[in-house]
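Whatever order the structure lists ligands and atoms in, that order sets their numbers, starting from 1. When a residue number appears, it is its place in the shown sequence, counting from 1.
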Amino acid sequence: MTLDLDWDYERTARRRERFLSPSLRTFTAFDAPLLLRKGKGAHVWDADGRRYLDCLAQNLCISVGYDHPGVNAAVAEQMRSIQHVTTMYYHPGPAQFAEELVATMPPGHDWVVHLVNSGAEAIDLAVLVARLFTGHFEMLTLRNSYHGMHFGTMAASGLALCHQPLAGAPGYVHVHNPDLYRGAYGDRVDGYVDDLRRVIDSSTPGAVAGMIVEPIQGYGGVIPVPDGYQRRVAQIVRDAGGLYISDEVQTGFGRTGSHFWAFEADGVVPDAIVVSKGIGNGFPLAALIVRRDVAEAMAARKFFNTYGSNPMACAAGRAVLRAIADEDLQGNAGRVGELFGEALERGARRCEAVGQVRGRGLMRGIEFVADRASRAPDDAAAARVQEALRERGVIVGRSGQYKNVLRINPPLCVSADDAAQFADALDGALAHA
Ligand code: PMP
């Protein structure tokens with residue numbers, strides 16, 4: 001190995017501060033971030049050799065597990081033959097991968113795949129095709145949503161942390177998100193649906209290019225949209241001339257346990273979906289899966305993105321799909337996800353600082369409040385529990401508009417024993433809430 005890596009904690013911190021962009025300072029996990037050296041399955045090791053159960057999975061990128069032999073072998077084999085083939089040439093990898101992705105989509109529709117490198121890139125592309133196909137401009141997204149931090153996606157995102165103090169990309173309108181715990185219309189789903197109609201009537205020309213929805217808001221604090229919401233808003237948006245787009249960046253690839261894609265649970269068929277993160281098990285890879293007739297709207301003009309068909313990334317993607325099928329990882333997400341859910345429910349019964357637990361499969365959240373009556377967010381309690389879990393060898397994320405929600409999203413290969421370790425750790429950590 002000739003990587004020549006310096007594993008000293010202080011020197012790494014100093015180099016990062018000196019040579020990497022200052023904006024990295026705005027997003028670190030823990031008071032003293034971990035220096036991670038290796039991963040295996042659902043676990044990571046720090047530079048001192050301490051092992052952690054990773055219930056954040058690099059923000060849900062590690063889907064089938066660290067150091068997965070199938071993914072490793074596929075990427076290594078591809079790397080040895082040719083590392084990159086741009087879209088100007090033919091290579092079977094991207095074409096076969098696209099065929100396999102299309103097979104995961106609802107039958108009876110003509111889907112095509114556009115491969116890109118990141119979630120934000122795929123969202124931007126979705127907005128572009130929606131505008132070209134419909135001839136309308138306005139895009140609707142939900143408050144509290146996260147769709148990325150590029151120029152367009154920053155405006156699409158409905159979380160304050162995504163907004164810079166300057167004029168954003170035009171044509172994005174935010175709608176009240178159906179958060180039944182702390183949303184504007186409380187637990188009245190009709191209120192949120194009605195808000196969408198009112199926004200279209202008041203803040204758009206009456207017609208829209210589309211709407212993007214995360215079936216479970218991830219960075220927003222693990223907030224599932226209520227049953228039936230997607231079906232109802234898809235209809236309203238289509239009546240206004242727009243497309244319904246599901247952002248499956250966090251919820252896809254079997255993570256919710258019951259379905260491969262989270263939109264399926266609501267019986268809605270979107271016009272396009274955006275996928276990333278778990279698609280490559282850590283490889284930079286994302287895609288827009290979209291109706292062919294919609295995608296044709298972009299074919300009148302040239303489009304090119306350099307890494308939109310990298311064969312190593314596609315080899316990783318194909319190996320991920322194979323692993324999910326061969327190892328029944330969606331089933332595992334459902335079964336082990338229940339165990340995580342039970343541990344969180346037990347914690348909520350014992351600990352007054354827990355306002356609500358939410359989620360499905362291996363996408364779970366636990367929200368901390370100063371008291372249950374006022375529901376005042378308690379980010380300090382969430383931070384203390386997060387640190388206490390780390391001391392007990394468990395990594396979780398912290399997010400939500402008020403940073404008071406812990407996110408539990410381990411790799412899909414996490415085991416029942418891991419869930420038991422999580423339950424024990426949570427038991428002790430909640431005493432610090
Ligand atoms: N959509 C969702 C739901 C996401 O969680 C993210 C990233 N966390 C994105 C889009 C943007 O992805 P990326 O960071 O790869 O640009």
Side-chain angles (χ1 to χ4, degrees), residues 21 23-24 26-29 56-63 114-128 130 139-159 161-164 169 172 174 177 179 210-225 230 244-253 255-256 261-263 270 272-290 305 307-308 310 313 316-317 320 358-365 396-401 403 405 407-409:
S21 164
S23 63
L24 290 196
T26 63
F27 189 45
T28 51
L56 190 54
Q58 309 303 332
N59 279 318
L60 295 81
C61 289
I62 306 300
S63 47
H114 196 131
L115 296 166
V116 290
N117 309 296
S118 71
E121 222 186 321
I123 292 277
D124 255 0
L125 200 57
V127 172
L128 183 62
M139 284 300 301
L140 304 168
T141 60
L142 293 178
R143 289 187 179 187
N144 204 53
S145 61
Y146 187 93
H147 300 295
M149 288 203 173
H150 293 179
F151 183 61
T153 53
M154 210 190 276
S157 297
L159 273 166
L161 68 93
C162 300
H163 302 307
Q164 300 281 358
Y172 291 92
H174 298 150
N177 58 308
D179 173 355
M211 180 172 188
I212 310 174
V213 173
E214 295 163 87
I216 302 177
Q217 293 190 324
Y219 281 153
V222 194
I223 302 176
V225 301
Q230 295 175 78
Y244 184 74
I245 299 162
S246 189
D247 182 339
E248 298 275 348
V249 166
Q250 296 207 11
T251 50
F253 294 93
R255 177 158 290 280
T256 59
W261 304 115
F263 68 76
I273 73 169
V274 171
V275 302
S276 182
K277 293 195 187 282
I279 186 176
N281 202 43
F283 249 78
L285 180 62
L288 173 71
I289 309 178
V290 55
N305 60 317
Y307 290 113
N310 178 269
V320 164
R358 298 185 285 267
R360 293 200 297 277
L362 289 173
M363 191 160 175
R364 306 264 172 184
V396 298
R398 184 156 69 94
S399 66
Q401 186 180 2
K403 305 254 336 163
V405 181
R407 290 198 298 148
I408 296 97
N409 314 124

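Looking at residues two or more places apart in sequence or on another chain, you find a side chain to side chain contact (heavy atoms under 4.5 Å, CB included) between R143 and H174, H176, N177. Here T26 pairs with nothing under the side-chain hydrogen bond (donor to acceptor under 3.5 Å, both in side chains) rule; sequence neighbours left out. With sequence neighbours excluded, the residues that form a side chain to side chain contact (heavy atoms under 4.5 Å, CB included) with A130 are M139, A209, L243, I245.
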Write 'none' if nothing qualifies; otherwise put on separate lines each N/O atom of ligand 1 with a protein N/O atom under 3.5 Å away and their distance to 0.1 Å.
| from | atom 1 | to | atom 2 | distance (Å) |
| --- | --- | --- | --- | --- |
| ligand 1 | 1 (N) | Y146 | O | 3.3 |
| ligand 1 | 1 (N) | D247 | OD1 | 3.4 |
| ligand 1 | 1 (N) | D247 | OD2 | 2.7 |
| ligand 1 | 5 (O) | Q250 | NE2 | 2.8 |
| ligand 1 | 8 (N) | K277 | NZ | 2.8 |
| ligand 1 | 15 (O) | G119 | N | 2.8 |
| ligand 1 | 16 (O) | A120 | N | 2.8 |

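Looking only at distances, no side-chain donor or acceptor of T251 sits under 3.5 Å from a matching main-chain atom of I216.
Defined by atom type and a distance below 3.5 Å, a donor-acceptor pair is present between the side-chain atoms of D247 and H147.
Note that CG of L161 and CE of M154 are 11.0 Å apart. Values are rounded to the nearest 0.5 Å.
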